[in-house]
Novice: 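Below is a structure I'd like to ask you about.
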Amino acid sequence: MAVNWPSGVSYKAYGMNLSSASNVEEVTFESGMKRTYQKDLRGKVTASLTFTFKDDNTQSCTFRLFWDWYKNRLLTRANTFYFPDLITHSTLTEYRMTSEPSIRGQLYKVVTFSVEEV
């Protein structure tokens with residue numbers, strides 16, 4: 001089930017690293033001949049995203065909003081979520097978080113995680 005990105009939390013990611021997920025399946029026959037097939041109609045995007053969230057120990061700070069969304073709505077990666085398309089930025093696209101968020105910092109938390117297009 002896809003959930004919306006938490007309201008009150010910025011979509012602005014920096015340090016974004018994009019790549020395309022493998023969309024090819026290769027079959028090797030006994031003769032040694034190889035054939036490749038496309039797995040899906042279109043290639044999918046994978047990315048590493050980095051955000052900076054303020055944590056001033058209030059319930060309305062952006063880090064708390066993100067963390068509550070991650071634990072209670074995304075269910076620690078069990079669900080997918082909608083986020084602006086990482087290439088066009090014009091439409092919402094469904095993504096799956098593929099790594100646990102890495103968090104560092106005190107007042108300003110730097111949060112990094114990886115996603116793949118669904």
Novice: Assign the ring pair F83 / Y95 to parallel, tilted or perpendicular, where the plane angle (0 to 90°) is split at 30° and 60°.
Specialist: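 F83 vs Y95 ring planes: perpendicular.
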Novice: Mind telling me whether F66 and Y70 have parallel, tilted or perpendicular rings, with 30° and 60° as the class edges?
Specialist: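 Taking F66 first and then Y70, their aromatic rings lie parallel (interplane angle under 30°).
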Novice: Could you tell me which non-hydrogen atom of D85 sits nearest to which non-hydrogen atom of T88, and how far apart they are?
Specialist: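 For D85 and T88, the tightest heavy-atom pair comes out as OD1-N, 2.9 Å.
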Novice: Any link between W5 and M1 through a network of hydrophobic side chains (Ile, Leu, Val, Met, Phe, Trp, Tyr) touching at under 4.5 Å?
Specialist: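 Linked, W5 and M1 end up in one cluster.
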Novice: Using side-chain contact (heavy atoms from CB on, under 4.5 Å), reason through F81 and N79 one step at a time and then give a plain yes or no.
Specialist: CA-CA 7 Å; F81 64 96; N79 290 330; over 6 Å; no
Novice: How far apart are the closest heavy atoms of S114 and S99, and which atoms are they?
Specialist: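 That would be N-OG, 2.9 Å.
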Novice: Are V115 and V118 joined in one hydrophobic group, where the rule is that I, L, V, M, F, W and Y side chains link up if heavy atoms are under 4.5 Å apart?
Specialist: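 No, no single cluster joins them.
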Novice: To the nearest 0.5 angstrom, please state how far the CZ atom of R77 sits from the NZ atom of K71.
Specialist: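 Output value for this atom pair is 11.0 Å.
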Novice: Show every donor-acceptor pair shorter than 3.5 Å between a side-chain atom in residues 43-53 and any protein atom, with sequence neighbours excluded, or say none if there are none.
Specialist:
residue	atom	partner	partner atom	Å
K44	NZ	D40	OD2	3.4
T46	OG1	S19	O	3.4
T46	OG1	S19	OG	2.7
T50	OG1	T112	OG1	3.3
T52	OG1	Y14	OH	3.1

Novice: Among all residues two or more places apart in sequence or in another chain, which pass the side chain to side chain donor-acceptor pair (under 3.5 Å) test with T36?
Specialist: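 Not a single residue meets the side chain to side chain donor-acceptor pair (under 3.5 Å) criterion with T36.
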Novice: Got a donor-acceptor contact below 3.5 angstrom from the W69 side chain to the S7 backbone?
Specialist: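 No, because the side chain of W69 does not come within donor-acceptor range (under 3.5 Å) of the backbone of S7.
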Novice: Is there a side-chain contact between S102 and V111 (heavy atoms, below 4.5 Å)?
Specialist: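 The answer is no, as the side chains (C-beta and beyond) never meet within the 4.5 Å cut-off.
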Novice: For the CD atom of E25 and the CZ atom of R35, what is their distance to the nearest 0.5 Å?
Specialist: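 Nearest 0.5 Å value for the CD-CZ distance: 14.5 Å.
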Novice: Same hydrophobic cluster for V9 and M16, using side-chain heavy-atom links shorter than 4.5 Å among ILVMFWY?
Specialist: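 V9 and M16: one cluster.
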Novice: Could you check whether T98 and E116, counting side-chain N and O atoms only, form a donor-acceptor pair closer than 3.5 Å?
Specialist: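 The criterion, which ignores hydrogens and geometry beyond distance, is not satisfied for T98 and E116.
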Novice: Knowing that exactly one of D56, T58, N57 qualifies, which makes a side-chain hydrogen bond (donor to acceptor under 3.5 Å, both in side chains) with R64?
Specialist: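 Passing option: N57.
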Novice: If you apply the rule side-chain contact (heavy atoms from CB on, under 4.5 Å), what do you find for L18 with I87, and how did you get there?
Specialist: CA-CA 9 Å; L18 291 175; I87 305 289; 3.6 Å; yes
Novice: Check the hydrophobic clustering (I, L, V, M, F, W, Y; side-chain heavy atoms under 4.5 Å; chains of links allowed) and say if Y108 and Y11 are grouped together.
Specialist: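 In one cluster with Y108: Y11, no.
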Novice: Could you state the interatomic distance from CG (L74) to CG (D68), rounded to the nearest 0.5 Å?
Specialist: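 L74 CG to D68 CG: 12.5 Å, rounded to 0.5 Å.
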Novice: Could you tell me whether the side chain of L107 reaches within less than 4.5 Å of the side chain of K54, counting heavy atoms only?
Specialist: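 Of all side-chain heavy-atom pairs linking L107 with K54, at least one is under 4.5 Å.
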Novice: Output the distance between atom CD1 (I103) and atom NZ (K109), rounded to the nearest 0.5 Å.
Specialist: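 Reported value, rounded in 0.5 Å steps: 7.5 Å.
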Novice: Can you measure from OG1 (T76) to CD (E100) and round to the nearest 0.5 angstrom?
Specialist: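 One finds 6.5 Å between OG1 of T76 and CD of E100.
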